[in-house]
Amino acid sequence: MSETTPAQPASTEPQPRVARNADKNRYDVFYDGELAGFAEYVERDNDTDFVHTEIDGAFAGKGLGSVLARHAIEDVIARGRTITAHCPFIRGWLDKHPEYDAHVVGKGIAK
C-alpha cells in the first residue's frame with residue numbers, strides 16, 4: 001500500500017491521509033485515523049478508470065473528497081498511467097483542474 005500525506009501548515013485539526021489500497025483497487029482517505037472514504041478504480045492495460053467515490057457522511061464538509069481526488073490522480077500520474085473517470089465526482093473534480101488534462105482520456109489523450 002503506498003501512502004501520501006498532504007503538506008499543510010500545522011493546526012489542531014487532524015490531517016487527512018490518503019493510501020492506495022491495491023488489494024481492493026481503491027484509494028482510501030483517513031481522517032483522525034478513521035477510514036473516511038474511498039475512490040474505487042479498475043485498471044486496464046495502462047489506464048486507471050475511476051468508477052466510484054464515497055465519503056462517509058460523518059466526515060462531510062471537511063474537503064476530504066478533494067484531498068482524495070488530488071492524491072489519487074497524482075499517484076496514477078506518478079505511476080505513468082492514463083486516467084479515465086466514469087465516476088461523476090472524479091470527472092467533476094478533473095473538470096475543475098485542467099492542469100491534469102494531459103493525462104485524462106477524452107481530454108489530453110485520445111483513445
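Sequential numbering from 1 along the given sequence is applied to the chain's residues.
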Discussion item. Can you list, by chain and residue number, the hydrophobic cluster partners of Val105 when the side-chain cut-off is 4.5 Å?
Written reply: Ile109
Discussion item. Between Arg20 and Tyr41, is the side chain to side chain donor-acceptor pair (under 3.5 Å) condition met? List the steps.
Written reply: CA-CA 10 Å; Arg20 181 166 50 94; Tyr41 60 84; 4.7 Å; no
Is there a side-chain contact between [X] and [Y] (heavy atoms, below 4.5 Å)?
| X | Y | result |
| --- | --- | --- |
| Leu68 | Asp28 | no |
| Val104 | Thr82 | no |
| Leu94 | Ile73 | yes |
| Arg44 | Asp49 | yes |

Response to the item:
Rounding to 0.5 Å, atoms CD (Glu54) and CZ (Phe89) come to a distance of 12.5 Å
Worksheet item: Going from NE2 on His103 to CD1 on Ile77, what distance comes out if it is rounded to the nearest 0.5 angstrom?
Response: 4.0 Å
Discussion item. So, using salt bridge (Lys or Arg N to Asp or Glu O under 4.0 Å) as the criterion, who are the partners of Asp95 when residues are at least two apart?
Written reply: Lys107
Practice prompt. Please report the shortest heavy-atom distance between Ile90 and Ala85, naming the atom on each side.
Written response: CG2-CB, 3.9 Å
Worksheet entry | side chain to side chain donor-acceptor pair (under 3.5 Å) between Asp47 and Thr84, intermediate numbers included | CA-CA 7 Å; Asp47 187 67; Thr84 300; 2.8 Å; yes
Worksheet, complete the sentence: Taken in chain and number order and not counting sequence neighbours, the residues that satisfy ring-ring contact (aromatic ring centres under 6.0 Å, His included) with His97 are Trp93
Discussion item. Please evaluate residues Cys87 and Val51 with respect to the criterion side chain to side chain contact (heavy atoms under 4.5 Å, CB included), reporting the C-alpha separation (whole Å), side-chain torsions for both, the decisive distance (0.1 Å), and the verdict.
Written reply: CA-CA 4 Å; Cys87 167; Val51 294; 5.6 Å; no
Quiz: residues 55-67 side-chain donor-acceptor pairs under 3.5 angstrom, not counting sequence neighbours:
| unit_1 | atom_1 | unit_2 | atom_2 | d |
| --- | --- | --- | --- | --- |
| Asp56 | OD1 | Ala58 | N | 2.7 |

Taking only residues two or more places apart in sequence or in another chain, which ones pass side-chain hydrogen bond (donor to acceptor under 3.5 Å, both in side chains) with [X]?
| X | value |
| --- | --- |
| Tyr31 | Glu13 |
| Glu40 | none |
| Glu34 | none |

Item to complete: Could you tell me which residues satisfy side-chain contact (heavy atoms from CB on, under 4.5 Å) with Val76, sequence neighbours excluded, listed by chain and number?
Response: Tyr27, Thr48, Phe50, Arg79, Arg81, Ile83
Practice prompt. Dump the intermediate steps for side chain to side chain contact (heavy atoms under 4.5 Å, CB included) on Tyr100 and Glu74, then the final yes or no.
Written response: CA-CA 9 Å; Tyr100 298 107; Glu74 289 180 354; 2.6 Å; yes
